[in-house]
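Note that the structure is a prediction, hence the values are computed from the model and not measured. Residue numbers start from 1 in every chain, and the chains themselves are labelled A, B, ... in the order their sequence lines are given, proteins ahead of strands. We use all heavy atoms of the structure for the numbers below, so side chains are in, but hydrogens, waters and symmetry mates are not.
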Amino acid sequence: GNSVTQMEGPVTLSEEAFLTINCTYTATGYPSLFWYVQYPGEGLQLLLKATKADDKGSNKGFEATYRKETTSFHLEKGSVQVSDSAVYFCAGSGAGSYQLTFGKGTKLSVIP
Amino acid sequence: DTAVSQTPKYLVTQMGNDKSIKCEQNLGHDTMYWYKQDSKKFLKIMFSYNNKELIINETVPNRFSPKSPDKAHLNLHINSLELGDSAVYFCASSQDFLGTSHTGELFFGEGSRLTVL
């Protein structure tokens with residue numbers, strides 16, 4: 001079956017620091033990959049996605065590139081803000097999977 | 001306009017009680033889901049309905065029973081509540097069934113925090 005592994009948190013950064021949250025996947029075939037974000041007290045919302053190898057998803061200054069050779073989809077942002085404090089979930093779906101498989105989430109706290 | 005709305009937002013109840021959580025989506029989506037998020041933020045799918053038909057039923061105690069009166073609604077009824085049922089329950093919807101579309105975008109409600117005492 002499919003599985004998604006992301007780095008465990010929590011991660012605490014100062015404002016304007018560089019962010020990387022690692023995510024790797026195991027799947028049959030080539031899944032579509034996603035990053036979801038959950039702000040405090042809210043449900044998850046899609047941050048970005050990539051549906052095939054070498055695709056780059058980007059949104060709100062965040063980026064992630066679908067790397068087939070390393071089966072990875074690491075989330076990056078060049079300069080984080082306090083408002084980026086949230087829990088970030090990597091997820092994958094694909095052939096043979098009836099559901100979106102989520103990683104365990106990484107809590108990010110950005111301090112001024 | 002809230003796309004996916006669920007009620008109640010908070011629910012505190014005693015062990016052994018029966019409770020329901022309601023969910024409605026106004027996005028015209030065909031597929032709806034219930035997820036459980038534990039205290040460590042781990043998300044686990046419980047059920048999925050496509051056009052009112054159950055398509056995913058993970059290993060969930062049969063005390064949990066979903067009901068979909070129409071494709072815009074998916075309610076969750078829980079019998080004989082236990083301490084371990086305390087969690088945040090999220091309803092979500094997608095335009096079509098993930099197994100076929102691979103679009104993967106789920107739209108989540110704000111969650112219903114259930115506390116069993």
- prompt: Nearest 0.5 Å, what's the CG-NZ distance between A:Leu44 and B:Lys41?
  reply: 9.5 Å
- request: Quick one: do A:Phe102 and B:Phe42 satisfy ring pair (Phe, Tyr, Trp, His ring centres under 6.0 Å)? Show the steps, please.
  value: CA-CA 8 Å; A:Phe102 284 91; B:Phe42 183 56; 9.3 Å; no
message: Working note: A:Phe34 + B:Leu106, criterion side chain to side chain contact (heavy atoms under 4.5 Å, CB included); need CA distance, chi angles, decisive distance, verdict.
response: CA-CA 10 Å; A:Phe34 312 85; B:Leu106 295 180; over 6 Å; no
query: Can you find a heavy atom in the side chain of B:Tyr35 that is under 4.5 Å from one in the side chain of A:Leu100?
result: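 Result yes, sub-4.5 Å side-chain heavy-atom pair found.
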Verify same cluster id: [X], [Y] (apolar side-chain graph, 4.5 Å):
{"X": "B:Leu114", "Y": "B:Leu83", "result": "yes"}
{"X": "B:Met46", "Y": "B:Val88", "result": "no"}
{"X": "B:Phe108", "Y": "B:Tyr89", "result": "no"}

Answer yes or no: are there more than 12 heavy-atom neighbours, outside [X] itself, under 6.0 Å from its atom [atom1]?
{"X": "A:Tyr39", "atom1": "OH", "answer": "yes"}
{"X": "B:Glu53", "atom1": "CD", "answer": "no"}
{"X": "B:Lys71", "atom1": "NZ", "answer": "yes"}

task: Under 4.5 Å, counting heavy-atom pairs only, tell me which of A:Glu42, A:Gln45, A:Gln38 racks up the most with chain B.
output: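 Highest number of heavy-atom pairs under 4.5 Å: A:Gln38.
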query: Using non-hydrogen atoms only, which part of B:Lys44 is less than 4.5 Å away from chain A: side chain, backbone, both, or neither?
result: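 No part of B:Lys44 comes within 4.5 Å of chain A.
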Region of B:Gln37 in contact with chain A, defined by heavy-atom distances below 4.5 Å: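 For B:Gln37, the side chain is the part near chain A, not the backbone.
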